[in-house]
Peer 1: 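Here it is, the structure, as structure tokens.
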Amino acid sequence: MKSVDDSLARCISQLRQSAVIAYPTEAVFGLGCDPDSETAVMQLLTLKRRPVEKGLILIASDFQQLLPYIADEQLSVEQKHRMFSRWPGPVTWVLPARVTTPAWLTGRFSSLAVRVSDHPDVAALCHGLGKPLVSTSANLTGLPPCRNVAEVLAQFGSDFPVLHGETGGRQNPSEIRDVLTGELIRQG
């Protein structure tokens with residue numbers, strides 16, 4: 001069995017080479033990649049059979065990592081308070097995106113879904129890469145999301161880069177809310 005440290009170093013190396021990796025989050029394993037690499041994002045979308053128009057989630061270890069992608073200056077004090085009162089944690093907020101944010105992240109939207117996670121493995125990956133990760137559930141179309149390393153390797157192959165760790169134990173994926181309206185988009 002690989003140690004977390006060995007798999008962390010391998011995953012960060014793979015991310016820097018525009019590869020897709022799997023890693024534990026609060027509830028399930030996620031598939032992630034460098035959000036600034038169109039090549040990596042397209043590989044992830046192909047793997048998931050997900051249309052680019054749907055947009056993606058970015059997951060970060062701290063709010064500062066999200067600033068290049070979101071137009072936080074458009075948020076009121078109340079909206080920021082609403083968001084920060086639930087972070088870090090398993091709540092994804094939809095925020096206005098910067099005009100410079102690539103369409104391969106936003107899809108057909110002018111917004112971007114983002115989360116500051118309190119999961120230690122997510123934090124380690126984001127700190128190691130120096131930026132947020134694209135985050136979508138680790139599963140092939142039609143199969144349930146992976147909840148452990150063995151399930152990831154069974155679905156994606158024994159050579160797939162995966163951070164060896166444990167999920168945070170939550171049963172449901174993250175709640176998704178619109179930061180501007182507070183509207184619930186997906187129940188957590």
Peer 1: I'd like to know if the side chain of S135 reaches the main chain of L58, judged simply by a donor and an acceptor atom lying under 3.5 Å from each other, with no hydrogens or angles considered.
Peer 2: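 Judged by distance alone, no pair lies under 3.5 Å.
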Peer 1: Are any non-hydrogen side-chain atoms of L66 and W93 less than 4.5 angstrom apart?
Peer 2: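 L66 vs W93: side chains apart.
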Peer 1: Kindly check if the number of other-residue, nucleotide or ligand heavy atoms within 6.0 Å of CD (E166) is above 12?
Peer 2: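 No, because the 6.0 Å sphere around CD of E166 holds 12 heavy atoms or fewer from other groups.
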Peer 1: Judged by atom type as modelled, is there a donor-acceptor pair below 3.5 Å linking the side chain of W104 to the main-chain atoms of D36?
Peer 2: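 No, because the side chain of W104 does not come within donor-acceptor range (under 3.5 Å) of the backbone of D36.
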Peer 1: Can you check side chain to side chain contact (heavy atoms under 4.5 Å, CB included) on I12 and L125, steps first, answer last?
Peer 2: CA-CA 7 Å; I12 291 170; L125 282 169; 4.2 Å; yes
Peer 1: Is L75 reachable from I176 through a run of I, L, V, M, F, W or Y residues, each pair having side-chain heavy atoms under 4.5 Å apart?
Peer 2: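 Result: no, two separate clusters.
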Peer 1: For Q155 and L140, which heavy atoms make the closest approach, and how far apart are they?
Peer 2: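 Minimum heavy-atom separation between Q155 and L140: OE1-N, 2.8 Å.
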Peer 1: Measure the acute angle between the ring planes of W87 and F63, then classify it against the limits of 30° and 60° as parallel, tilted or perpendicular.
Peer 2: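 It falls in the tilted class, 30° to 60°.
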Peer 1: Show the nearest heavy-atom pair for residues P24 and L163, with the distance to one decimal.
Peer 2: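 Taking every non-hydrogen atom into account, CD-O, 3.5 Å.
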Peer 1: Within the distance-only criterion (no hydrogens, no angle test), does the side chain of Q74 pair as donor or acceptor with the backbone N or O of P96 below 3.5 angstrom?
Peer 2: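 Checked: no pair found.
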Peer 1: If I take atom CG from residue D121 and atom SG from residue C126, how far apart are they, to the nearest 0.5 angstrom?
Peer 2: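 It is 11.0 Å, given to the nearest 0.5 Å.
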Peer 1: Backbone N or O of T92 within a donor-acceptor pair of the R86 side chain at under 3.5 Å?
Peer 2: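 Not a single qualifying donor-acceptor pair exists.
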Peer 1: When clusters are formed by joining ILVMFWY residues with side-chain heavy atoms under 4.5 Å apart, either directly or through shared neighbours, do I185 and V179 land in the same one?
Peer 2: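 No, no single cluster joins them.
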Peer 1: Could you check whether Y23 and S7, counting side-chain N and O atoms only, form a donor-acceptor pair closer than 3.5 Å?
Peer 2: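 There is no such pair (donor and acceptor under 3.5 Å, judged by atom type) between the side chains of S7 and Y23.
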Peer 1: Side chain to side chain contact (heavy atoms under 4.5 Å, CB included), that's the test. Do V41 and E38 meet it? Break it down for me.
Peer 2: CA-CA 5 Å; V41 173; E38 184 177 8; 5.8 Å; no
Peer 1: Please confirm whether the backbone N or O of G182 pairs with a side-chain atom of R177, one donor and one acceptor, at under 3.5 Å?
Peer 2: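 Present.
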Peer 1: Look up atom CG in D178 and atom OG in S111, then write down how far apart they are to the nearest 0.5 Å.
Peer 2: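 One gets 7.5 Å once the value is rounded to the nearest 0.5 Å.
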Peer 1: Which heavy atom of L31 sits nearest to which heavy atom of A138, and what is that distance?
Peer 2: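 The answer is CG-CA, 3.6 Å.
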Peer 1: CG of L180 to CD of Q79: how many Å apart, nearest 0.5 Å?
Peer 2: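 If I round to the nearest 0.5 Å, the distance is 5.0 Å.
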Peer 1: Does the side chain of Q187 come within less than 4.5 Å of N172's, by heavy atoms?
Peer 2: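 Counting from C-beta outward, N172 and Q187 never come under 4.5 Å.
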Peer 1: Evaluate the side-chain proximity of H119 to I59: yes if any heavy-atom separation is below 4.5 Å, no if none is.
Peer 2: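 Answer no - side chains too far apart.
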Peer 1: Quick check: do F160 and V149 have side-chain heavy atoms less than 4.5 Å from each other?
Peer 2: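 When only atoms from C-beta onward are counted, V149 and F160 do not touch, as no gap falls below 4.5 Å.
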Peer 1: Between E53 and R108, is there a donor-acceptor pair closer than 3.5 Å when you use the side chain of the first and the backbone of the second?
Peer 2: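 No, E53 side chain to R108 backbone: no donor-acceptor pair under 3.5 Å.
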Peer 1: Determine whether F29 and V134 fall in the same hydrophobic cluster, where Ile, Leu, Val, Met, Phe, Trp and Tyr are linked whenever their side-chain heavy atoms lie under 4.5 Å apart.
Peer 2: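 In one cluster: yes.
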Peer 1: Between R115 and V122, is a side chain to side chain contact (heavy atoms under 4.5 Å, CB included) present by the stated rule, with each step listed?
Peer 2: CA-CA 11 Å; R115 181 163 87 247; V122 171; over 6 Å; no
Peer 1: What are the two closest non-hydrogen atoms of R147 and A27, and how far apart are they?
Peer 2: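 Closest heavy-atom pair between R147 and A27: NH1-O, 2.9 Å.
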Peer 1: Rounded to the nearest 0.5 Å, how far apart are CG of L95 and OG of S110?
Peer 2: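 Rounded to the nearest 0.5 Å, the CG-OG separation comes to 11.5 Å.
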Peer 1: Compare all side-chain heavy atoms of L129 with those of R16 and state whether any distance is below 4.5 angstrom.
Peer 2: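 The answer is yes; the side chains approach within 4.5 Å.
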Peer 1: Please determine if R98 and E73 form a salt bridge, counting it only when a charged side-chain N lies under 4.0 Å from a carboxylate O.
Peer 2: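 Yes, charged N to carboxylate O under 4.0 Å.
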Peer 1: Would I70 and I57 show up in the same hydrophobic cluster when neighbours are defined by side-chain heavy atoms closer than 4.5 Å?
Peer 2: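 I70 and I57: separate clusters.
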Peer 1: Using side-chain heavy atoms (C-beta onward) and a distance below 4.5 Å, is E151 in contact with P145?
Peer 2: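 They are not in contact (no side-chain heavy atoms under 4.5 Å apart), so the answer is no.
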Peer 1: Main chain of A9, side chain of D6: is a donor-acceptor contact present, judged purely on distance under 3.5 Å?
Peer 2: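 The answer is no, because no donor-acceptor pair under 3.5 Å joins these two groups.
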Peer 1: For R10 and D159, work out which heavy atoms get closest and say how close.
Peer 2: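 Smallest heavy-atom distance, with atoms named: NH2-O, 2.8 Å.
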Peer 1: Is a donor from one side chain sitting under 3.5 angstrom from an acceptor on the other, for S174 and E26?
Peer 2: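 Looking only at side-chain atoms, E26 and S174 do not form any donor-acceptor pair under 3.5 Å.
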Peer 1: Between S18 and D34, does a side chain to side chain contact (heavy atoms under 4.5 Å, CB included) hold up when you go through it step by step?
Peer 2: CA-CA 6 Å; S18 295; D34 180 343; 5.6 Å; no
Peer 1: Could you measure the distance from the CD1 atom of I21 to the CD atom of Q14? Nearest 0.5 Å is fine.
Peer 2: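 So the gap between those two atoms works out to 8.5 Å.
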Peer 1: Quick check: are there more than 12 heavy atoms from other residues, nucleotides or ligands sitting under 6.0 Å from NZ of K54?
Peer 2: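 No, not enclosed.
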Peer 1: Do C146 and L153 come within less than 4.5 Å of each other through their side chains, counting heavy atoms only?
Peer 2: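 Sidechains of L153 and C146: no contact.
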Peer 1: With a 4.5 Å limit on heavy-atom distance, are the side chains of L47 and F156 in contact?
Peer 2: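 In contact.
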Peer 1: Checking T25 against R170: is there a side-chain donor and acceptor pair closer than 3.5 Å?
Peer 2: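 No pair is found: no donor N or O on one side chain lies under 3.5 Å from an acceptor on the other.
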Peer 1: Establish whether V162 and L44 are linked, either directly or via other cluster members, by ILVMFWY side-chain heavy-atom contacts under 4.5 Å.
Peer 2: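 Looking at the clustering, L44 is in the same group as V162.
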Peer 1: What pair of heavy atoms forms the shortest contact from S61 to A123, and how long is it?
Peer 2: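 Taking every non-hydrogen atom into account, CB-CA, 3.6 Å.
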Peer 1: Nearest 0.5 Å, please: how far is CE in M83 from NZ in K80?
Peer 2: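 The NZ atom of K80 sits 7.0 Å away from the CE atom of M83.
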